[in-house]
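Presented below is the structure to which this report refers.
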Amino acid sequence: MSSDVLANFICLDELTQVIYQGVYRFVVLSTVSDQWTIHLGLSGPEGRWWRGSWAKTDILEIVGSKSSDKLLEAFAERLAETFIQGELYVGDWSTEKDAKIKLTLGPSSKKPLHISLAELTSSEAASHATDILLDIALQAQSRKCRLHPDHFASTYVSSQPSIDKPTLATTTIRTAASTSQPAVPLPQHASPVYVKEQRASSADPKIKSAVPKQLKGASLANPNKKARKYQAIEFESDEE
């Protein structure tokens with residue numbers, strides 16, 4: 001038998017869910033301390049609240065007085081999953097004052113569970129609503145007092161554009177004399193001597209690569225040499 005039954009119900013602490021039932025809308029709050037407590041609020045101008053709870057004896061009556069911690073934890077996890085999935089229903093619902101209603105967990109299951117709820121007085125309902133708002137305000141302090149965490153996160157999204165750093169392969173050298181000169185691509189792993197020569201040739205447009213002039217009468221095969229002259233061969237006539 002577990003020595004602390006409610007310690008296995010920690011998964012049901014601070015859960016909240018919304019129930020849409022007909023034209024009514026309810027909010028459900030689940031908390032765990034020395035007992036498992038359910039608060040049910042009706043949305044509307046009246047601000048009505050109901051409350052119900054399970055003590056240690058109520059839990060052991062369902063799962064068994066000799067249940068182990070493992071069994072109690074599995075039972076609590078099933079209840080939490082039912083709560084999260086929204087498998088909730090307000091049974092015996094009535095708008096009458098002090099009507100006895102109940103919260104049903106797993107209404108479509110083979111063995112649904114029920115928690116009896118009793119309506120709070122006007123002062124108790126107002127006090128409970130204030131406690132909820134106080135808890136919300138305390139949690140909001142960690143996000144610059146923003147009410148909704150999603151809005152807080154989106155407010156601080158960085159809007160600065162990313163700046164791509166130039167690489168050596170795409171670096172170009174521009175002349176200092178004129179910005180209208182075309183950029184000279186700098187090859188990857190270029191040596192300082194090559195860079196100096198490129199800057200010099202770009203700065204002075206008069207500097208051109210030396211092209212040897214073709215000599216007059218030069219050979220087509222080798223422009224640096226003169227072409228050979230050939231004398232026509234004359235043949236003597238048979239009449240002489």
Side-chain angles (χ1 to χ4, degrees), residues 5-63 72-143 145-153:
V5 175
L6 272 303
N8 299 285
F9 273 56
I10 195 63
C11 59
L12 287 163
D13 190 32
E14 295 186 348
L15 294 182
T16 183
Q17 185 59 272
V18 178
I19 301 175
Y20 297 93
Q21 190 168 315
V23 296
Y24 302 102
R25 183 171 60 174
F26 303 90
V27 58
V28 189
L29 301 175
S30 171
T31 57
V32 177
S33 54
D34 57 343
Q35 58 185 1
W36 178 33
T37 303
I38 291 291
H39 280 88
L40 178 73
L42 174 62
S43 176
E46 297 181 359
R48 300 172 67 181
W49 283 90
W50 290 260
R51 179 174 57 203
S53 60
W54 276 2
K56 175 182 176 180
T57 54
D58 299 317
I59 297 173
L60 294 178
E61 185 178 347
I62 297 173
V63 297
L72 288 169
E73 185 177 358
F75 175 66
E77 288 177 353
R78 287 197 301 270
L79 291 176
E81 185 64 22
T82 300
F83 195 100
I84 294 171
Q85 294 299 324
E87 298 176 7
L88 305 171
Y89 182 80
V90 181
D92 298 333
W93 168 243
S94 175
T95 57
E96 296 295 329
K97 193 69 174 178
D98 297 328
K100 301 297 182 181
I101 63 176
K102 59 186 176 182
L103 178 67
T104 302
L105 293 91
S108 59
S109 63
K110 294 181 179 180
K111 293 182 179 181
L113 298 174
H114 309 281
I115 301 178
S116 299
L117 303 174
E119 187 172 2
L120 303 180
T121 63
S122 297
S123 59
E124 289 175 334
S127 176
H128 178 65
T130 303
D131 290 340
I132 295 174
L133 291 174
L134 177 60
D135 186 46
I136 293 174
L138 291 174
Q139 294 184 29
Q141 291 182 352
S142 62
R143 50 180 182 268
C145 297
R146 296 286 181 180
L147 183 60
H148 301 291
D150 291 342
H151 178 72
F152 170 74

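All figures in this text were calculated on a predicted structure; none of them were measured in a lab.
With a 4.5 Å cut-off on side-chain heavy atoms, Leu29 and Trp49 count as touching. By the 4.5 Å heavy-atom criterion applied to side chains, Trp54 and Leu12 are not counted as neighbours. When side chains are defined from C-beta on, Ile38 does not count as touching Trp50, because their heavy atoms never get closer than 4.5 Å. Within the 4.5 Å cutoff, no side-chain heavy atoms of Asn8 are placed close to those of Ile59. Proximity of Asp135 to Asp131: side-chain heavy atoms (C-beta onward) are nowhere separated by under 4.5 Å. Proximity of Phe83 to Leu88: side-chain heavy atoms (C-beta onward) are separated by under 4.5 Å at one or more points.
Applying the side chain to side chain donor-acceptor pair (under 3.5 Å) test to Trp36 and every residue at least two apart in sequence or in another chain returns Ser30.
With Ser127 contributing its side chain and Ser123 its backbone, the two residues share no donor-acceptor pair below 3.5 Å. Without hydrogens or angle criteria, Asp92 side chain to Lys102 main chain gives no donor-acceptor distance under 3.5 Å. At distances below 3.5 Å, not a single donor-acceptor pair connects side-chain atoms of Glu87 with backbone N or O atoms of Leu105. Under the 3.5 Å distance criterion, the side-chain polar atoms of Asp58 are matched with a main-chain donor or acceptor of Ala55. When atom types are taken as modelled, the side chain of Arg78 and the backbone of Thr82 share no donor-acceptor pair closer than 3.5 angstrom. In this structure a side-chain-to-backbone donor-acceptor pair under 3.5 Å is missing from Thr31 to Asp13.
His114 and Thr104 make their closest contact through ND1-OG1, 3.0 Å (heavy atoms, listed as atom of the first residue, atom of the second, distance). The nearest pair of heavy atoms linking Ala125 to Gly47 is CB-O, 3.7 Å. Looking at every heavy atom in both residues, Ala140 comes nearest to Arg146 through CB-O, 3.3 Å. Between Glu119 and Ala99, the closest heavy-atom pair is OE1-N, 4.4 Å. Shown here for Pro107 and Pro112, the closest heavy-atom pair between the two residues is CA-CB, 4.2 Å.
Atoms CG and CG, on Leu120 and Leu40 in that order, are 10.0 Å from each other to the nearest 0.5 Å. With rounding to the nearest 0.5 Å, the separation of CG in Leu15 from CG in Leu79 is 10.5 Å. Atom NE2 in His128 sits 8.5 Å away from atom CZ in Arg51 (nearest 0.5 Å). Atom CD of Gln139 is separated from atom CG of Leu134 by 10.5 Å, given to the nearest 0.5 angstrom. Atoms CD and NE2, on Glu124 and His39 in that order, are 9.0 Å from each other to the nearest 0.5 Å. In this structure, CG in Leu103 is found 6.0 Å from CG in Leu117, a value given to the nearest 0.5 Å.
Atom CD of Glu61 has 12 or fewer heavy atoms from other residues, nucleotides or ligands within 6.0 Å.
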Candidate pair Leu6 and Asp34, rule side chain to side chain contact (heavy atoms under 4.5 Å, CB included), full reasoning: CA-CA 7 Å; Leu6 272 303; Asp34 57 343; over 6 Å; no
Step by step, would you call Phe75 with Ile62 a side chain to side chain contact (heavy atoms under 4.5 Å, CB included)? CA-CA 10 Å; Phe75 175 66; Ile62 297 173; 4.0 Å; yes
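Centroid-to-centroid, the aromatic rings of Phe26 and Trp93 come within less than 6.0 Å.
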